[in-house]
Amino acid sequence: MLEKALRGSKAYWGWIIFLLALVSIGFACYLGQLSRGLAITGMSRDVSWGLYIGQFTFLVGVAASAVMVVLPYYLHNVKEFGRITILGEFLAVSAIIMCLLFVIVDLGKPMRLLNMILYPTPRSILFWDMVVLTGYLLLNLITGWHALEAEAKTVTPPGWTKILVYISIPWAVSIHTVTAFLYAGLPGRHYWLTAIMAARFLASAFASGPALLILLSFVIKRVSRFDPGREAIQKLAGIVTYATAISAFFIGLEFFTAFYSQVPAHGMTSLAYLFWGLEGHGKLVPWMWVFVLLLALALVLLINPQTRAQEKWLKLASAAVFFGMWIEKGIGLVIAGFIPNPLEKVVEYVPTLPEALIALGIWAAGFLILTLLYKITIAVKEETVQ
Amino acid sequence: MPITRREFLKWGGIVLLGLGAWPTVRGLAANRSTYEANPQAYSGQKWGLAITMSTCWPHYQAGCRKCFLACQREHNIPDIDNPKEEIKWIWTEPYERAFPELNQSYLNPRYKGRPFIVLCNHCDNPPCVRVCPTQATFKRPDGIVAMDYHRCIGCRYCMAACPYGARSFNFQDPRPFIREPNPAFPTREKGVVEKCNLCAERIDQGLVPACVEACPYGAIAFGDLEDPTSNVRKALYAVGYAIQRKPELGTKPKIYYLV
């Protein structure tokens, strides 16, 4: 079936070449980082994780798109999702690959990566994150591929894949929970030390992943003869609406605990840094207000059934959710955890150009994988339509 | 005879399984002689320091930096003049930064803004050790939180976990920044985390930590916190009151400040 990715229009090849160019630029910058060290990034001894780990954290959430179509389809028999489960699973595959790449480029000694396996350390949450992420990658790759192969041959998928699908549902919850635990279990990082971190991760994940899937469905409808179906998209829109509203509520909870208790060690200073600036430093303030505006816009458009039902407003709302959550989780959450630092000093972080290009290269690599997987999927679906 | 796909997979799988099992076999079967400790080595259950700041301050004000210099020379600490990439093992912070939760509105001017010597606290319950995915940082039986620079993958999770900012990362190759390399101690490579190791290498030879030895005024007392006759316990009971950095976090630091 892989050969189906090798036949395409000029626009398809143009897109592939564009992505490959971005991947090459990112890779060239990464070679520079390998030889000079992480000094080429904007990270410091105070803000020791930055853009890379932020993207990793956000993309773990995007991988949730799969479970948000798989779960209703397999557990609640929501037939409309039958057309797009494979799309969700393959989005998860590419998102997880991006996650793993972001972790690898963040390492000071990537050639020692196997130490994670050679010296397995069950007390480290990072060890469990590796386990759940690779497991989720395999689950989605295997179930998605077999479902597609079965569809191409117009047979039912082998029975054992259904078992894997059922395993993948709680597994999806585990990838978000474990990734949230990476942060939520650290003493002295006030902004992260919150029991609702895992709940926040799940809520924002179930908003941003399906929002991207909606946008991708519209792209597919436009560039191919396969239509994911209005019903499926509207059902996804409902999920995004609930998840976005719950996300906003959870962030409000953080504000209440911090500011009503007035305990500085409950994230007050980090929240102040994010939304108002602290001690004259406020590089993230404009970003966070864009996030607030995007979230408000998305909620208005999504909660109102008239706008949610209209394609153009739904597109806008989905884009607002995706970019809003990217700001909150991919930038704000990780960086603000380090600000102020353990000595109560504000040291800011700005990514450098090579760092941003490496990150862009990984996004391009992810979209390249996604494009190839979707190309094959759509080719199969177009054949069955005929 | 051509190999079928099935056979290839079968034998490939067996070979991979063997490779995977090899470290276990080696670990179980190796006839390793037990590690012999230096008979001169100090033995203790819980090494700790007690720093008498009132002894330190007049000399610090007069320009004494002997403990810092001794540590720097002893451990090949690079001198990187960039606050973002600095490597710090032992340094000073003003009172308000070292003890943010003890910063009162009407703080006695005796403490306000005064420099406190800070270093790795060698916590009894170290979060850095808990989070490290490769056991590159570990707690020794004598309580020292040590680093294996050859095991570290540079994920910097320990830096996120340390509530004292005691860990530094080699963002670049540190070797060009070492003024007088000490051949008796390893230098580090780029991409690994480093910090104070309470001179574990000296204790193993029966020597006190370099900073303790270098202080001509005896401001830093070293010893076994579990031993009531040790220098550190004597210092703790001798003067005033001892404080610790962020005790509310439950990390149980083993560095005490006498104020």
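No experiment lies behind these values; they were computed from the predicted model shown. Chain A is the first sequence line, chain B the second, and so forth, proteins listed ahead of strands; every chain is numbered from 1.
Interface remark: A:Tyr52 contributes no atoms to any contact with chain B (heavy atom separation under 4.5 Å). Of the atoms belonging to B:Ala136, not a single heavy atom falls under 4.5 Å from chain A. Of the atoms belonging to B:Cys132, it is backbone heavy atoms, and not side-chain ones, that fall under 4.5 Å from chain A. Heavy-atom distances place both the backbone and the side chain of B:Val129 under 4.5 Å from chain A. In this structure, no portion of A:Leu114 lies under 4.5 Å from any heavy atom of chain B. In this structure, chain B has a heavy atom under 4.5 Å from the side chain of A:Trp192, while its backbone stays farther away. Both the backbone and the side chain of B:Gln172 come within less than 4.5 Å of a heavy atom of chain A. Residue A:Pro122: no heavy atom, backbone or side chain, is found under 4.5 Å from chain B.
Per-residue heavy-atom pair counts under 4.5 Å with chain A were compared for B:Ala98, B:Cys152, B:Pro94, B:Ala160, and the maximum is reached by B:Ala160. When each of B:Gly191, B:Pro127, B:Pro133 is scored by its heavy-atom pairs under 4.5 Å with chain A, the top score falls to B:Pro133. Heavy-atom pairs under 4.5 Å with chain A were tallied for B:Glu248, B:Arg167, B:His150, B:Glu96; the largest tally goes to B:His150. Contact tally against chain A (heavy-atom pairs below 4.5 Å) for B:Gly250, B:Ala166, B:Ser168: the top residue is B:Ser168. For chain B, the option among A:Ser48, A:Gly188, A:Gly337 with the highest count of heavy-atom pairs below 4.5 Å is A:Ser48. Taking chain B as the reference chain and counting heavy-atom pairs below 4.5 Å, the highest number among A:Ser35, A:Pro120, A:Ala265, A:Gly185 is found for A:Ser35.
Contact record, B:Ile153 with A:Asn115: CG2-CB, 3.9 Å, taken as the closest heavy-atom pair. Contact record, A:Asp106 with B:Cys155: OD2-O, 4.0 Å, taken as the closest heavy-atom pair. The two residues B:Lys190 and A:Lys109 have their closest heavy-atom pair at O-CE, 2.9 Å. Taking each heavy atom of A:Leu343 and B:Arg245 in turn, the nearest pair found is CD2-NH2, 3.2 Å. Contact between B:Thr137 and A:Arg123 at its shortest, heavy atoms only, is O-NH2, 4.3 Å. Heavy-atom minimum distance, A:Pro342 versus B:Cys162: CG-O, 3.9 Å.
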For the pair A:Arg112 and B:Val192, evaluate side chain to side chain contact (heavy atoms under 4.5 Å, CB included) and give the outcome as yes or no after the intermediate values. CA-CA 11 Å; A:Arg112 293 185 188 162; B:Val192 298; 3.6 Å; yes
Where do B:Arg156 and A:Met43 land on the side chain to side chain contact (heavy atoms under 4.5 Å, CB included) test, with the steps shown first? CA-CA 11 Å; B:Arg156 308 185 299 294; A:Met43 288 184 274; 3.4 Å; yes
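Here A:Arg36 does not pair with B:Asp173 in a salt bridge; the nearest charged N to carboxylate O distance is not below 4.0 Å. Between B:Lys246 and A:Glu344, none of the side-chain N atoms (NZ, or NE/NH1/NH2) sits under 4.0 Å from a carboxylate O, so this pair counts as no salt bridge.
The environment of B:Phe138 atom CZ is dense: over 12 non-hydrogen atoms of other residues, nucleotides or ligands sit within 6.0 angstrom. Within 6.0 Å of atom CH2 in A:Trp287, 12 or fewer heavy atoms from other residues, nucleotides or ligands are found, so the atom counts as exposed in its surroundings. Atom NE2 of A:His190 is surrounded by more than 12 heavy atoms from other residues, nucleotides or ligands within 6.0 Å. Under a cut-off of 6.0 angstrom, the local environment of CZ in A:Phe27 is sparse, with at most 12 non-hydrogen atoms contributed by other residues, nucleotides or ligands.
Counting only distance, with no hydrogens or angles, the side chain of A:Trp49 and the backbone of B:Met159 share no donor-acceptor pair below 3.5 Å. Remark: the backbone N or O of A:Leu182 is paired with a side-chain donor or acceptor of B:Tyr157 at under 3.5 angstrom.
At least one test fails for A:Arg45 against the ring of B:Phe169: distance under 6.0 Å to the centre or angle within 45° of the axis.
Scanning residues 252-259 of chain B against chain A with a 4.5 Å non-hydrogen threshold yields no residues. Along residues 69-88 of chain B, the residues that come nearer than 4.5 angstrom to chain A, judged on non-hydrogen atoms, are B:Pro83, B:Lys84, B:Glu85, B:Glu86, B:Lys88 in order of number.
Put simply, CG on A:Leu186 and SG on B:Cys158 are 11.0 Å apart, with the number rounded to the nearest 0.5 Å.
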